[in-house]
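The structure under discussion appears below in the form of structure tokens.
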Protein chains: 2
Amino acid sequence: MKNIIKQLRKKSNMTQAKLAELCKASRQTINCIENDKYDPTLELAFKIARALEKNIEEVFIYE
Amino acid sequence: MKNIIKQLRKKSNMTQAKLAELCKASRQTINCIENDKYDPTLELAFKIARALEKNIEEVFIYE
DNA sequence: ATTAAATGTCAAAAGTTTTGGACAATTTGA
DNA sequence: TCAAATTGTCCAAAACTTTTGACATTTAAT
């Protein structure tokens, strides 16, 4: 699973900490997901997508 | 988190077992997700959506 | 009414994600 | 160049998802 969180986040001038705050997740979690350490739960994927004003499939790429 | 797996699955004339097989998941997992016992991981959500020929956001409704 | 298929459910174990705290490394900009 | 901000990383514990196997209940069809 790939994602373009980092790109979208920078486009929005947002730090990992800020994105984490918006998602009510920890900064470490955002960092791990951004760096493909593991995949988020569906709920967190929704929160991230919403914070970045995108659909899930615009943020996360499966296959 | 809501989902319309059951409706889509029936529309496709698919049993839980068949959907599970397509997703390479267990029947119980599909059953639990259908009945809102817990939310899937993002990866499984993708597999379910693909098996039902939908986007994730057409299958799962967040808020 | 009987059967088979499909669905619902339980419990225990294994696997995965998320967290907090802490600190190192890198980037940014004054 | 220095300090501050940001990012990367480690650990261990908590929380959550998934699996297997088993059995009960419901549904559908004959």
Side-chain angles (χ1 to χ4, degrees):
Chain A
M1 182 98 62
K2 290 206 184 303
N3 72 75
I4 56 167
I5 295 175
K6 186 166 295 184
Q7 291 94 307
L8 295 170
R9 186 170 59 71
K10 295 215 161 142
K11 221 182 264 179
S12 302
N13 256 56
M14 214 184 277
T15 65
Q16 291 182 347
K18 182 60 183 173
L19 178 55
E21 184 197 330
L22 290 177
C23 297
K24 296 192 212 304
S26 71
R27 188 180 62 78
Q28 288 91 325
T29 297
I30 298 298
N31 183 276
C32 286
I33 293 167
E34 240 184 56
N35 293 300
D36 289 317
K37 296 290 166 49
Y38 47 72
D39 295 330
T41 56
L42 180 55
E43 188 182 3
L44 182 52
F46 262 111
K47 287 178 180 168
I48 292 171
R50 291 283 156 88
L52 297 169
E53 298 179 315
K54 295 285 174 191
N55 293 328
I56 287 189
E57 317 221 2
E58 292 174 313
V59 180
F60 298 93
I61 294 95
Y62 180 60
E63 273 160 359
Chain B
M1 180 100 58
K2 292 205 183 305
N3 72 75
I4 56 167
I5 295 175
K6 187 166 294 185
Q7 291 94 307
L8 295 171
R9 186 170 59 72
K10 296 217 160 140
K11 221 182 262 178
S12 301
N13 256 56
M14 213 183 278
T15 65
Q16 290 181 348
K18 183 62 183 171
L19 179 54
E21 184 196 330
L22 291 176
C23 298
K24 297 191 210 306
S26 70
R27 187 181 62 77
Q28 288 89 329
T29 296
I30 297 299
N31 183 277
C32 285
I33 293 167
E34 241 184 54
N35 293 300
D36 289 317
K37 297 288 166 48
Y38 48 71
D39 295 330
T41 56
L42 180 56
E43 187 182 3
L44 183 52
F46 262 109
K47 288 178 180 168
I48 292 172
R50 292 280 156 91
L52 297 170
E53 298 178 317
K54 294 286 174 190
N55 292 328
I56 287 190
E57 315 221 4
E58 293 174 313
V59 180
F60 298 93
I61 294 94
Y62 180 60
E63 270 160 1

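Note that these values count all heavy atoms, side chains included, but never hydrogens, waters or copies made by symmetry.
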Would you indicate, yes or no, if C:dT7 has its OP1 or OP2 atom less than 4.0 angstrom from a side-chain nitrogen or oxygen of B:Arg9?
-> yes
Can you find a heavy atom in the side chain of A:Asp39 that is under 4.5 Å from one in the side chain of B:Thr41?
-> no
Between CG of A:Leu42 and C1' of D:dT17 the distance, given in whole Å, is 12 Å
Sugar-phosphate, base or nothing in reach of B:Lys18, heavy atoms under 4.0 Å = nothing
Set of residues satisfying side-chain hydrogen bond (donor to acceptor under 3.5 Å, both in side chains) with respect to B:Arg27, sequence neighbours excluded = none
Residues which pass side-chain hydrogen bond (donor to acceptor under 3.5 Å, both in side chains) with B:Asn35, listed by chain and number, not counting sequence neighbours = B:Asn31
Axis deviation across the helix from C:dA1-D:dT30 to C:dA30-D:dT1, five-pair ends, to the nearest 10° = 60°
Separation between CD of A:Glu63 and CZ of B:Arg50, rounded to the nearest 0.5 Å | 5.0 Å
Is the phosphate of C:dT7, meaning OP1 or OP2, less than 4.0 Å from a side-chain N or O of B:Asn31?
-> no
Atom CD of B:Glu34 to atom P of D:dT26: distance rounded to whole Å?
-> 17 Å
When you check every protein heavy atom under 4.0 Å of nucleotides 14-30 of chain C, what one-letter string (B, S, -) results, 5' to 3'?
-> ---SBBBBB--------
CD1 of B:Ile5 versus P of C:dG8: gap in Å, rounded?
-> 12 Å
Name all residues meeting the side-chain hydrogen bond (donor to acceptor under 3.5 Å, both in side chains) criterion together with A:Ser26; count only those two or more places apart in sequence or in a different chain, and write none if there are none.
-> A:Thr29
Looking only at side-chain N and O atoms, does B:Asn35 come under 4.0 Å of OP1 or OP2 in C:dT7?
-> no
Results of side-chain contact (heavy atoms from CB on, under 4.5 Å) for A:Thr15 - residues two or more places apart only | A:Ala17, A:Lys18
Does B:Glu43 reach the main-chain N or O of A:Met1 with its side chain, forming a donor-acceptor pair under 3.5 Å?
-> no
Check whether any side-chain N or O of A:Asn3 sits under 3.5 Å from a backbone N or O of A:Ile33 as a donor-acceptor pair, and report yes or no.
-> yes
Nearest-Å distance, CG (B:Asn3) to P (D:dT17)?
-> 13 Å
Heavy-atom distance under 4.5 Å between the side chains of A:Phe46 and B:Glu57, does that happen here?
-> yes
Quick one: B:Asn13 CG to D:dA29 P, roughly how many Å, whole number?
-> 11 Å
